[in-house]
Amino acid sequence: MADRHRAVFLDRDGTIVEDTGFLHEPGKVKLLPRAADGIKRLNEHGYLVIVVTNQSGIARGLYTAADYAAVQRRLGELLSAHGARFDGAYFCPHHPQFTGPCECRKPGVTLYRDAQAALDIDFGRSWWVGDRLADVQPAQTLGGHGILVTTGEGNQHQGQARDIGVMVVADLGRAVDEILR
């Protein structure tokens, strides 16, 4: 039996791309510095790169799932131009205030379990990287490692992250440095 795969679960807005607030226009997708290079290095080192993102703008009626998909396609194009790729993408279109509670909204673990089932992922050898506590808390639930980046909303969550044993670094490139260390 083959080894299960290592993965890095990445938040999208504020971690890979600039968080412009309810990003739904492909033309406004802008990679953060060092993001594409970091993802490329993860690809080269055999990690699956999985994007997991909360998209409450869908629940709020601000944009559609098709708009989300168009942004994801644009993100894929931008990464490809740098020789990088993601191996899967999962999103939660809900928000408790508008659609009620759900298990897929981060820090819930449904989307991660879906990725695990689809891609044979070993959570114990995997990493969670994002700019909010909800992005990295699933690592504690599922047995992996979390890294908070201070891009996006990360500066607001540094103290809490450190209190729960989550590493804090400047950006996705530095997070990849730590993962590959």
Side-chain angles (χ1 to χ4, degrees), residues 5 7-44 47-119 121 126-138 147-154 156 171-173 175-176:
H5 297 100
V8 178
F9 296 99
L10 299 176
D11 174 56
R12 189 186 78 181
D13 304 326
T15 303
I16 303 171
V17 301
E18 286 185 7
D19 188 348
T20 59
F22 303 111
L23 178 62
H24 65 282
E25 297 172 77
K28 292 188 177 180
V29 178
K30 187 171 180 186
L31 290 170
L32 287 169
R34 298 192 66 207
D37 175 67
I39 292 170
K40 180 180 178 182
R41 289 187 294 138
L42 291 171
N43 297 148
E44 291 170 348
Y47 282 89
L48 294 177
V49 176
I50 314 295
V51 177
V52 179
T53 178
N54 288 340
Q55 293 295 312
S56 71
I58 296 170
R60 296 168 192 265
L62 300 175
Y63 55 92
T64 66
D67 295 328
Y68 161 80
V71 167
Q72 284 300 107
R73 281 191 299 278
R74 180 64 181 144
L75 173 56
E77 291 167 0
L78 292 172
L79 290 174
S80 180
H82 293 275
R85 71 178 189 291
F86 50 88
D87 299 289
Y90 297 81
F91 73 102
C92 172
H94 309 117
H95 188 281
Q97 184 178 349
F98 300 96
T99 54
C102 68
E103 292 298 316
C104 63
R105 185 171 176 79
K106 295 183 290 184
V109 297
T110 297
L111 297 177
Y112 303 104
R113 292 200 187 283
D114 290 349
Q116 180 186 42
L119 299 168
I121 293 169
S126 296
W127 294 80
W128 279 254
V129 181
D131 69 317
R132 297 173 189 244
L133 285 178
D135 301 328
V136 298
Q137 286 171 323
I147 300 177
L148 184 82
V149 294
T150 60
T151 50
E153 300 288 322
Q156 299 174 28
D171 59 25
L172 180 53
V176 172

Report yes if some heavy atom in the side chain of [X] is under 4.5 Å from a heavy atom in the side chain of [Y]; otherwise report no.
| X | Y | value |
| --- | --- | --- |
| Phe9 | Ser126 | yes |
| Leu172 | Thr151 | no |
| Leu32 | Asp171 | no |
| Phe86 | Ile39 | no |

Salt-bridged, Glu44 to Arg41, with N to O below 4.0 Å?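 Between Arg41 and Glu44 there is no salt bridge, as every charged N stays at least 4.0 Å from the carboxylate O atoms.
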Report yes or no: does [X] contribute a side-chain atom to a donor-acceptor pair with the main-chain N or O of [Y] at less than 3.5 Å?
| X | Y | answer |
| --- | --- | --- |
| Asn54 | Lys106 | yes |
| Asp87 | Val49 | yes |
| Thr110 | Glu103 | yes |
| Thr64 | Asp67 | yes |
| Arg105 | His94 | yes |
| Asp131 | Glu153 | yes |
| Gln55 | Pro93 | no |

Would you give the length of the straight line joining atom [atom1] of [X] to atom [atom2] of [Y], rounded to the nearest 0.5 angstrom?
| X | Y | atom1 | atom2 | answer |
| --- | --- | --- | --- | --- |
| Asp37 | Leu79 | CG | CG | 11.5 Å |
| Asp114 | Leu119 | CG | CG | 10.5 Å |
| Leu48 | Arg85 | CG | CZ | 8.0 Å |

Using residues 24-31 as the side-chain source, report each donor-acceptor pair under 3.5 Å to any protein atom, sequence neighbours left out, with the distance given to one decimal.
residue : atom : partner : partner atom : Å
His24   : ND1  : Phe22   : O            : 2.8
Glu25   : OE2  : Lys28   : NZ           : 3.2

Does Ser80 have any side-chain hydrogen bond (donor to acceptor under 3.5 Å, both in side chains) partners at least two apart in sequence or in another chain, and if so, which? none
